[in-house]
Amino acid sequence: MGGAAPRPSLLFTVCKRPSSSTKAIWQNTSRQRKNIGAVFAATAASGVVGYSVYTRHVRREKLSTLTPARESALLAPSCVDNDTSSSRGASPKYDVASLIETITRASLVGSTKSVKDELDALRKWHIDRGYNGGLVVRDLTRPLFRLDVFHNSETTNSNENSNNSDDNNKQLMDSNIGHNMNQRECYYMYYEIHSNGETRQQIFCRGTTLFSDVLTCLQTWFEYDRELGCRIHHGFNEHANRIVDDVIPLLVPPNDKSTVEVCGHSLGGAVAMLVAIKLRKRGYHVSKVTSVGGPRFCRGLEEREVLEQYLPDRTIRIEDDMDLVTYLPPQGVGVGDKIWLVSDYINGTKKNEAFMLSREWMETEMSEFTESVWLNLRLLESLRKQHVTHRVRTYATKLKQIYEEFSDDDNA
């Protein structure tokens, strides 16, 4: 009936060993690919090195055109020297001694195992240095007053359910109290009330300490804030909102005799700026804002222009060119006056230098290079020194060098 069935052996394809010529072709192809990869890697490395050399050359040329901080009319060595500094032109807005004291106070938090110990350490530090006002330490995981989050609206209709809800809330609060003793405080406030009715209130925002703080920093998308009318770093904005909502019940209501000052380091630096902006937007007299080693929190130049109008005249950020945090996120921009601590070859000499850059100058095209990540970031060097460079102690040491340079100039 049909043809004979095919032999089973014919149903399979016999794989023959490649000939010597085929092996040679494969080896040559593999060798060529390796050569192409090596050439590509060498070209890429040369490009990176060439770009690095070029950017450093451009950067050093531009640095030579900046005026050192000790020659700036905006800066004085201390409060008592303001009259001397004003002879150079305008009255100074900042003095180095006060800046050192302020950023040191911002670094006092996050060093003990409980909020109570933190408060005792803060109190001792302030009393030893003649600060006789009051202190409040907040960790934000325990509400200052009863919050709606602890109230179950579904059980408020009956007394029995309401009592059960209150018991549940109390248990939740008690469990939080035990848990929070191992947490780090979020901010502390120092205040002085004088006999003439004047009140001075200072808020110090803690830097990155907990893992949750790292997550806050990583929320780098910019979202529109209806209160401020511009796009803000999501993580920093949420953190600032929590502090503002928590601190307002502690502040004296806005009046002509009460002032608020805000300072922070690292994450706290960006948050301090936002807290100051939001408080000023709500009518509080914010007189001074200081950020040290803080990241960037607004999206671009338009956002910076919007935020600048809510910041007081004495708004300053202190940044080190070797501190990676001050360049993050790369698409963001900074606000306020800037003390820029630089370590590089300036006019052919390797040295540490500080430049005082006013917010008016920062709005000009000449200032673009001072904010450029790609022109200023030296990644390998910064990574190697980051654990030291980002410390408040390092910033304070470099500011002390500026103070000493003032003294040397006066003696000369």
For the side chain of Thr394 and the backbone of Val388, is there at least one donor-acceptor N/O pair under 3.5 Å apart? yes

Taking the side chain from Glu308 and the backbone from Glu305, do they hold a donor-acceptor pair closer than 3.5 Å? no

Do side-chain atoms of Thr216 reach the backbone of Ser212 as a donor and acceptor pair under 3.5 angstrom? yes

Between Arg304 and Val335, is there a donor-acceptor pair closer than 3.5 Å when you use the side chain of the first and the backbone of the second? no

Do Pro253 and Tyr284 come within less than 4.5 Å of each other through their side chains, counting heavy atoms only? no

Parallel, tilted or perpendicular: which fits the ring planes of Tyr188 and His126, with parallel below 30° and perpendicular above 60°? perpendicular

Does Asp256, at its CG atom, have more than 12 non-hydrogen atoms belonging to other residues, nucleotides or ligands within less than 6.0 Å? no

Sub-3.5 Å donor-acceptor pair from the side chain of Thr104 to the main-chain atoms of Ile100, do we have one? yes

Do Ile339 and Leu75 have side-chain heavy atoms sitting under 4.5 Å apart? yes

Ignoring hydrogens and angles, tell me if any N or O in the side chain of Asp337 forms a donor-acceptor pair with the backbone of Arg359 under 3.5 Å. yes

Hey, are the side chains of Cys263 and Gln202 touching, using non-hydrogen atoms and a 4.5 Å cut-off? no

Verify side chain to side chain contact (heavy atoms under 4.5 Å, CB included) between His233 and His239, making sure each step is shown before the conclusion. CA-CA 10 Å; His233 185 289; His239 198 80; over 6 Å; no

So how far is it from Arg282 CZ to Ile248 CD1, rounded to the nearest 0.5 Å? 4.5 Å

Starting from the C-alpha separation in whole Å, work towards a yes-or-no answer on side chain to side chain contact (heavy atoms under 4.5 Å, CB included) for Lys93 and Asp313. CA-CA 8 Å; Lys93 292 197 294 184; Asp313 187 47; 3.1 Å; yes

How close do Phe222 and Gly332 get, counting heavy atoms only, and between which atoms? CZ-CA, 4.3 Å

For Met322 and Gln386, which heavy atoms make the closest approach, and how far apart are they? O-OE1, 3.6 Å

Trp361 vs Phe369 aromatic rings, parallel, tilted or perpendicular, using cut-offs 30° and 60°? perpendicular

Evaluate Glu404 against Arg70 for salt bridge (charged side-chain N to carboxylate O under 4.0 Å, His left out), listing each step before the verdict. CA-CA 10 Å; Glu404 294 171 357; Arg70 62 182 178 277; over 6 Å; no

If you look at every heavy atom in Lys257 and Gly197, which pair is closest and at what distance? CB-O, 3.8 Å

Leu99 backbone acceptor or donor facing Tyr94 side chain under 3.5 Å: no

So if I apply the salt bridge (Lys or Arg N to Asp or Glu O under 4.0 Å) rule between Lys398 and each of Asp320, Asp321, Asp323, which one comes out positive? Asp320

Where is the tightest heavy-atom contact between Glu118 and Val109, given as atom of each residue plus distance? OE2-CA, 3.4 Å

Would you kindly say whether Lys278 and Asn241 are connected by a side-chain donor-acceptor distance under 3.5 Å? yes

Enumerate the residue pairs fulfilling salt bridge (charged side-chain N to carboxylate O under 4.0 Å, His left out) with a member in residues 283-302, sequence neighbours excluded, ordered by first and then second residue. none

Above 12 or not: heavy atoms from other molecules or residues under 6.0 Å from CZ of Arg393? no

Minimum heavy-atom separation for Gly294 to Glu319, with atom names? O-OE2, 4.3 Å

Apply side-chain hydrogen bond (donor to acceptor under 3.5 Å, both in side chains) to the pair Ser78 and Asp95, showing each step before the final yes or no. CA-CA 5 Å; Ser78 61; Asp95 66 272; 5.9 Å; no

Donor-acceptor contact present, side-chain Ser291 to main-chain Arg317, <3.5 Å: no

Could you check if a side-chain atom of Val286 sits within less than 4.5 angstrom of a side-chain atom of Tyr310, using non-hydrogen atoms only? no

For the atom pair CD1 (Ile203) and CZ (Arg138), what is the distance rounded to the nearest 0.5 Å? 12.5 Å

Just do the side chain to side chain contact (heavy atoms under 4.5 Å, CB included) check on Leu279 and Val244 with the steps written out, would you? CA-CA 7 Å; Leu279 289 178; Val244 170; 4.2 Å; yes

Has the side chain of Thr102 got a donor or acceptor atom that lies under 3.5 Å from a matching backbone atom of Ser98? yes

Within the side chain of Ser287, is there an N or O that forms a donor-acceptor pair under 3.5 Å with the backbone of His285? no

Using a strict threshold of under 4.0 Å (side-chain N to carboxylate O), is an ion pair present between Lys124 and Asp120? no

Would you check, one step at a time, whether the test side chain to side chain contact (heavy atoms under 4.5 Å, CB included) holds for Asp213 with Arg206? CA-CA 10 Å; Asp213 297 330; Arg206 170 182 52 72; 2.6 Å; yes

Charged N to carboxylate O below 4.0 Å: is that the case for Glu101 and Arg129? no

